[in-house]
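Below, chains carry the letters A, B, ... as their sequence lines are ordered, and counting in each starts from 1.
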There are 2 protein chains.
Amino acid sequence: MAKTSFREQMLRAREDAIVSSVNRLLAEKGFEAMTVDEVAADVGIAKASLYKHFTSKEELAAAAMIRILERALAFTEILAADDQLRPIARLEAVARWTLEVQLAGEMPSLPAQNSTLRNALMANRGYLDRLFEVSDRLGAWITAAQADGEIDRQLPAEVVLYTLFARACDPVLGLLKAGGQHSDAQIIEWLLRTCFRGLVGARA
Amino acid sequence: MAKTSFREQMLRAREDAIVSSVNRLLAEKGFEAMTVDEVAADVGIAKASLYKHFTSKEELAAAAMIRILERALAFTEILAADDQLRPIARLEAVARWTLEVQLAGEMPSLPAQNSTLRNALMANRGYLDRLFEVSDRLGAWITAAQADGEIDRQLPAEVVLYTLFARACDPVLGLLKAGGQHSDAQIIEWLLRTCFRGLVGARA
DNA sequence: GTCTATAGCCAGATAGAC
DNA sequence: GTCTATCTGGCTATAGAC
């Protein structure tokens with residue numbers, strides 16, 4: 001098996017620090033507004049050193065996207081391990097998790113259409129593999145929840161899946177948070193409610 | 001009254017053409033990805049001529065945002081004129097209208113946080129006035145619909161308003177449209193359904 | 001007010017010493 | 001692998017002739 005030298009550990013730690021900075025800056029300002037100089041300054045190294053680890057700005061962002069997808073995968077593992085949970089409860093838990101990540105300022109926003117970032121991601125096997133894996137897991141829970149009658153059977157699973165992804169970077173959270181009038185917990189409850197029960201609300 | 005010379009009519013027509021191009025390009029690629037050269041080429045005039053009409057790229061975008069808000073205002077006028085419509089029906093009609101505009105490729109996306117565009121818009125009286133006017137009208141319908149029990153009373157009107165604004169540029173529509181599997185009408189029905197009734201759907 | 005040509009700037013990427 | 005210094009290209013904005 002591969003020997004992990006001290007040198008390599010340091011390298012990993014540094015790359016981890018880089019990805020953390022990128023992740024935060026992506027969440028804060030988005031891909032276009034984030035500059036590589038900023039990232040370097042935030043990490044505390046020279047810009048040229050960044051390019052020894054990642055060959056382009058797009059690859060930097062891709063690393064952050066991959067990390068958040070892996071965090072999502074890890075969370076779904078935890079949910080999957082609890083066999084008491086019904087599919088709808090798992091979906092709600094995932095949605096809640098995405099909102100919490102967003103509130104923590106750690107959710108990089110979805111790539112805009114037709115950007116250089118989107119092209120890079122669509123050509124990045126590591127990103128796509130993880131995206132598909134997350135989609136597969138959620139997709140299975142969605143169809144199961146529809147079988148239970150807990151998710152609208154008239155909606156294609158695709159629509160439900162895309163909606164959950166979109167809510168993970170819903171600007172509504174940022175707007176409410178910026179207002180400063182409400183607690184984080186309250187905001188999350190409202191957004192979960194509008195996501196699953198709609199603006200109309202419960203009609204039990 | 002002000003005389004509208006032929007010269008001035010031509011000027012208005014040209015500015016109108018400019019704003020149309022900007023609007024379409026904003027919807028297609030967003031503010032950062034859109035270049036002034038592109039706008040000029042699309043309109044068919046030189047870039048320097050653009051700057052005789054609008055003093056900056058931000059002002060170009062602001063003009064497009066103002067136009068879409070005025071279109072929204074005009075649509076609310078029509079709805080307000082029909083006194084048979086209940087508040088919830090008006091809100092649904094507005095939501096449907098925003099989706100139709102989005103499908104037509106005419107909905108400029110919401111300004112990202114902390115961008116130069118956001119700063120410019122927040123300092124633009126014409127934009128803010130219209131934004132507030134739209135918000136006021138929708139706000140009145142929202143509280144009325146809540147009084148009717150047709151919109152969730154547990155949600156602050158603010159949350160409902162922000163959600164409607166956010167759905168006007170929901171990436172889900174673009175994803176479904178890009179898939180090419182479904183008709184425009186079908187996509188709109190699904191998105192309206194998830195917006196008002198949530199992923200859980202009707203439980204009548 | 002329209003054009004061509006260009007200034008000025010900024011950000012992504014690289015050279016080359018250590 | 002890290003640094004400083006620099007290259008390069010693209011974009012906003014403007015000068016100046018007509």
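Between Asp152(B) and Arg193(A) there is a salt bridge, since at least one side-chain N of the basic residue sits less than 4.0 Å from a carboxylate O of the acidic one. Between Arg137(A) and Glu133(A) there is a salt bridge, since at least one side-chain N of the basic residue sits less than 4.0 Å from a carboxylate O of the acidic one. Of the charged side-chain nitrogens involved, none lies within less than 4.0 Å of a carboxylate oxygen, so that Asp148(A) and Arg153(A) do not count as a salt-bridged pair. A salt bridge is defined here as a Lys NZ or Arg NE, NH1 or NH2 lying under 4.0 Å from an Asp or Glu carboxylate O, and Lys52(B) with Glu15(B) fails to meet this definition.
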- prompt: Hey, mind stepping through Arg96(B) and Glu189(B) against salt bridge (Lys or Arg N to Asp or Glu O under 4.0 Å) and telling me if it holds?
  reply: CA-CA 9 Å; Arg96(B) 179 183 296 275; Glu189(B) 294 313 314; 2.9 Å; yes
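Straight-line distance from the CD1 atom of Ile45(B) to the C1' atom of dT4(C): 14 Å, rounded to whole Å. Rounded to whole Å, atom C1' of dG12(C) lies 16 Å from atom CZ of Phe54(A). Counting to the nearest Å, the C1' atom of dG1(D) and the CZ atom of Arg7(A) are 8 Å from each other.
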task: Using a 4.0 Å cut-off on protein heavy atoms (strictly under), produce a 5'-to-3' string for nucleotides 4-18 of chain D with B for base contact, S for backbone-only sugar-phosphate contact, and - for none.
output: B------SBBBB---
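Within the 4.5 Å cutoff, side-chain heavy atoms of Val94(A) are placed close to those of Leu79(A).
Near DNA chain D, meaning a heavy atom under 4.0 Å from it, residues 12-20 of chain A has Arg14(A) in order of number.
Within 6.0 Å of CZ on Arg12(A) lie no more than 12 heavy atoms contributed by other residues, nucleotides or ligands.
Ring geometry for Phe75(B) versus Trp97(B): interplanar angle under 30°, hence parallel rather than tilted (30 to 60°).
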